[in-house]
Amino acid sequence: MDARRESEATPMKNPTTMERKSERELVLTRTFNGPARIVFEAWTKPEMLKRWWIPKSTGMALLSCELDVRVGGRYRFEIGHVEAAKPMAFFGKYIEVIPNARLVWTNEESDQGAVTTVTFEEKGGKTLLVLHELYPSKEALDASIAGMEGGMEETFAQLDELLDVLGASVGRS
């Protein structure tokens with residue numbers, strides 16, 4: 001996988017840590033170079049999410065992105081690949097929304113979906129992001145975790161790139 005080797009040769013700006021906390025829990029952490037309000041917007045505005053959510057090396061694309069970011073609001077993503085007969089859909093609802101601080105949503109595309117919590121903690125103009133996933137079973141987490149680390153690292157690196165572009169155009173505060 002050439003893209004993987006290339007990313008290993010160049011040190012990452014901010015490392016992503018992934019830790020299995022229990023049979024059903026996974027926690028990823030990463031610091032982003034930007035204020036919490038901008039990082040939060042990157043997670044909640046479709047036009048921004050489309051620019052970083054899917055790892056480019058996969059050959060997949062985010063075909064549609066619908067977000068109604070409020071308690072009880074729904075989201076739906078459709079992800080396509082040239083070799084796939086039809087797009088994959090990911091959907092659920094927001095169960096907690098605290099602007100610039102916390103998002104909690106369900107993953108309802110299967111009965112093995114996690115509840116995902118993302119927190120945004122600003123420290124000195126940077127944002128510590130903690131992504132916590134709670135799965136319904138050990139088997140569901142086992143199935144999800146396979147291959148996730150490299151994909152999440154690439155996805156978060158793409159978010160870093162977007163934040164760099166946004167920082168250059170709007171300035172950091």
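If you read the sequence from its start, that first residue is 1, and numbering goes on from there.
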Could you measure the distance from the [atom1] atom of [X] to the [atom2] atom of [Y]? Nearest 0.5 Å is fine.
X: Glu161; Y: Gln158; atom1: CD; atom2: CD; answer: 6.5 Å
X: Thr29; Y: Leu128; atom1: OG1; atom2: CG; answer: 6.5 Å
X: Met88; Y: Leu63; atom1: CE; atom2: CG; answer: 9.5 Å
X: Glu47; Y: Glu41; atom1: CD; atom2: CD; answer: 8.5 Å
X: Leu159; Y: Arg51; atom1: CG; atom2: CZ; answer: 11.0 Å

Would you say that [X] contacts [Y] through its side chain, given a criterion of any heavy-atom pair below 4.5 Å between the two side chains?
X: Thr17; Y: Leu28; answer: no
X: Val115; Y: Ile95; answer: yes
X: Asn107; Y: Phe91; answer: no
X: Leu103; Y: Thr44; answer: yes
X: Ser64; Y: Leu62; answer: no
X: Leu129; Y: Val118; answer: yes
X: Thr119; Y: Glu121; answer: no
X: Ile38; Y: Leu163; answer: yes

Point to revise | Option from Phe77, Phe156, Tyr75 for which ring-ring contact (aromatic ring centres under 6.0 Å, His included) with Trp53 holds | key: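 Testing each of Phe77, Phe156, Tyr75 against Trp53, the sole residue satisfying ring-ring contact (aromatic ring centres under 6.0 Å, His included) is Phe77.
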Looking only at atom types and distance, does a side-chain atom of [X] sit under 3.5 Å from a main-chain N or O of [Y], one as donor and one as acceptor?
X: His81; Y: Thr58; value: yes
X: Ser110; Y: Gln112; value: yes
X: Glu78; Y: Pro87; value: no
X: Arg20; Y: Glu23; value: yes
X: Thr155; Y: Gly151; value: yes

How close do [X] and [Y] get, heavy atom to heavy atom, and via which atoms?
X: Tyr135; Y: Ser144; result: OH-OG, 2.7 Å
X: Trp52; Y: Ala42; result: NE1-O, 2.9 Å
X: Leu26; Y: Met18; result: CD1-CG, 3.4 Å
X: Leu49; Y: Cys65; result: CD2-SG, 3.7 Å

Check your understanding: Without hydrogens or angle criteria, can the side chains of Thr106 and Glu108 be said to hold a donor-acceptor pair below 3.5 Å?
Key ->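 Indeed, the side chains of Thr106 and Glu108 share at least one donor-acceptor pair under 3.5 Å.
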**Study point:** Distance-only polar pair, side chains of Glu133 and Thr116, donor-acceptor under 3.5 Å
**Key:**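 Result is yes, a qualifying pair exists.
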Check your understanding: Can Val69 and Trp43 be said to form a side chain to side chain contact (heavy atoms under 4.5 Å, CB included), step by step?
Key -> CA-CA 10 Å; Val69 185; Trp43 284 77; over 6 Å; no
Is it true that [X] and [Y] make a salt bridge, defined as a side-chain N closer than 4.0 Å to a carboxylate O?
X: Asp142; Y: Arg24; result: no
X: Glu154; Y: Lys56; result: no
X: Asp160; Y: Arg30; result: yes

Check your understanding: So, do Phe120 and Phe32 have ring centers that fall under 6.0 Å from each other?
Key ->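 Centroid separation for Phe120 and Phe32: 6.0 Å or greater.
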Exercise for review: Carefully, step by step, assess Met48 and Leu166 under the rule side chain to side chain contact (heavy atoms under 4.5 Å, CB included).
Suggested key: CA-CA 10 Å; Met48 292 174 74; Leu166 294 173; 3.1 Å; yes
Give the cluster check for [X] versus [Y]: same hydrophobic cluster or not, with ILVMFWY residues linked at side-chain heavy-atom distances below 4.5 Å.
X: Phe40; Y: Leu67; answer: yes
X: Met152; Y: Leu162; answer: yes
X: Val27; Y: Trp105; answer: no

